[in-house]
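When reading the values below, keep in mind they use all heavy atoms of this one structure, side chains included, and skip hydrogens, waters and symmetry mates. Atoms within a ligand are numbered from 1 in the order they appear, just like the ligands themselves.
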Amino acid sequence: MLLIKNILTYSPKSIGIQNILISFDKIIYISPCINIPDKNFPEITVIDGSDLMLIPGIIDLHVHIAGGGGEGGFNTRTPDLMLSNFTMAGVTTCVGLLGTDGTTRSMGNLIAKARSLQIEGISTYTWTGCYQMPTRTITDSARGDIILVDKIIGVGEIAVSDHRSSHPSDNDLIFLASEARIGGMISGKCGILHIHIGDAKKGLLPIFDLHKNSEIPFENILPTHINRNKELFKQSIDYAEMGGFIDITTGIKAENANSIEVNPAEAYSILLKNKISPYNITMSSDAGGSMPIFNQDGKLEKLTIGSIMSNIEALRDCVNGGIDLENSLIPFTSSPAKRLKLTGKGQIKEGFDADLLILDKKLNIKYVIAKGKIMVENYKQTVLGTFE
Ligand code: ZN
């Protein structure tokens with residue numbers, strides 16, 4: 001058992017100073033006062049939470065856990081992420097995925113990596129597919145993958161408006177969205193078609209068309225990288241105003257005032273000012289994938305790797321930019337949990353999974369608890385991955 005004492009708690013809603021009792025992997029009791037009996041009671045580890053804050057663990061729905069990239073030749077394939085990449089960044093739940101390369105990367109390898117991270121201590125899921133069409137699957141269909149493979153919750157990331165995509169037609173997208181939706185209906189999962197939007201001029205138009213030309217509800221469609229350029233971001237505000245759901249990439253940052261990118265915190269702030277519900281917005285890192293920069297002729301100029309730390313950095317930027325902590329937390333915690341139908345995740349509540357972060361006043365991560373186990377203690381990792 002683990003008891004966190006006297007800690008300012010954000011569920012993500014502020015619920016004041018609380019004591020949080022954890023047994024194995026669950027939060028079992030939350031109260032302003034908990035007294036441990038002095039005899040005939042199990043041993044309890046106690047963390048003093050005075051002057052600290054407790055928030056739900058971050059849920060990152062877009063991580064290239066088993067590497068990605070490769071757009072600049074074989075030597076540019078990015079490596080697997082390790083357990084401490086996640087825990088040190090406060091990510092206790094992630095959804096892994098393939099990217100551009102569905103040839104040397106496989107769904108089998110992705111599922112194996114997700115399972116290994118789960119054994120090491122965090123919660124993992126995956127999307128099925130990759131950029132290309134027909135997309136990569138384990139069974140004979142995306143629908144079959146969602147229904148039959150426990151880890152798989154939806155389809156993604158399918159690329160549109162990108163020179164690296166298979167340039168899917170409207171009907172291709174409608175077919176895949178139906179596969180995702182029906183797979184989700186039968187298995188009780190979210191059944192989302194998660195769509196990578198590239199830098200091409202048409203931007204979000206294929207998503208507007210998907211909505212206009214089919215019966216697929218908004219809840220089954222989730223475009224991402226919507227802050228990669230200002231034009232696309234403008235379209236995304238319109239799409240969200242219609243009721244659509246959008247995912248901001250925290251790994252995308254504007255380097256200077258002339259950059260085409262929109263900083264994640266700024267994007268979130270503009271969306272809130274446009275009266276978009278925070279529950280129509282999620283944020284994810286795109287970590288582990290390559291962040292290639294192509295010139296106007298489509299030639300690769302520069303390649304970096306997305307960092308999972310970009311989530312907590314974006315959270316801090318939201319707070320420093322004037323958004324209160326409650327609202328800043330939603331797109332990293334309760335919103336993705338709701339969108340992905342991850343019951344027991346994303347909130348601090350009795351009966352929920354004990355996935356928790358303890359932050360100091362500067363919003364640095366002091367402790368990470370994943371499924372009731374202390375993974376980071378006093379800013380240092382206490383649990384390492386198998387090969388770390
Ligand atoms: Zn992508």
Side-chain angles (χ1 to χ4, degrees), residues 60-72 76-78 81 91 94-105 107 110 113 125-133 135-136 142 153-168 172-173 176-177 180 192-200 202-204 206-207 210 221-229 231-233 235-236 239 245-253 260-262 264 267 281-294 298 300 302-308 310-311 314 331 336 339-340:
D60 190 334
L61 62 80
H62 191 112
V63 192
H64 297 277
I65 57 174
E71 287 98 332
T76 62
R77 297 168 86 253
T78 62
L81 293 180
V91 172
C94 74
V95 188
L97 76 177
L98 301 177
T100 319
D101 181 1
T103 304
T104 76
R105 310 278 188 186
M107 280 305 300
L110 180 70
K113 178 66 188 180
Y125 303 88
T126 79
W127 303 106
T128 189
C130 60
Y131 277 20
Q132 76 198 72
M133 300 272 291
T135 205
R136 289 288 176 261
I153 58 170
V155 183
E157 61 177 323
I158 303 298
V160 304
S161 303
D162 195 307
H163 59 101
R164 293 165 291 171
S165 76
S166 294
H167 300 84
D172 289 337
L173 281 183
L176 258 190
I192 284 173
L193 174 61
H194 183 44
I195 304 171
H196 157 114
I197 314 287
D199 259 328
K202 57 184 175 171
L204 212 61
I207 310 304
L210 171 59
I221 306 164
L222 183 62
T224 188
H225 313 324
I226 55 108
N227 53 320
R228 76 184 314 145
N229 68 57
E231 239 0 87
L232 172 60
F233 180 60
Q235 292 176 309
S236 305
Y239 181 69
F245 297 92
I246 49 176
D247 184 55
I248 296 169
T249 300
T250 57
I252 294 175
K253 278 172 198 151
I260 56 165
E261 296 88 354
V262 185
I281 306 162
T282 52
M283 294 218 210
S284 64
S285 66
D286 199 11
S290 64
M291 295 271 171
I293 296 162
F294 297 95
L300 183 72
K302 200 171 128 191
L303 199 66
T304 57
I305 298 181
S307 163
I308 202 157
S310 59
N311 293 317
R339 201 90 313 284
L340 304 178

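Atom CD1 of residue I158 and atom CD1 of residue I195 lie 8.0 Å apart, to the nearest 0.5 angstrom. Rounding to the nearest 0.5 Å places OG of S284 at 9.0 Å from CD of E157. With values rounded to the nearest 0.5 angstrom, R105 atom CZ is found 10.0 Å from L110 atom CG. Rounded to the nearest 0.5 angstrom, I248 CD1 and D286 CG are separated by 14.0 Å.
Below the 2.8 Å limit, the Zn ion (ligand 1) has as protein N, O or S neighbours E157 OE1, H196 ND1, H225 NE2.
Between the side chain of S161 and the backbone N or O of G198, no donor-acceptor pair lies under 3.5 Å.
With no hydrogens or angles considered, a side-chain donor-acceptor pair links H196 and D162 at under 3.5 Å.
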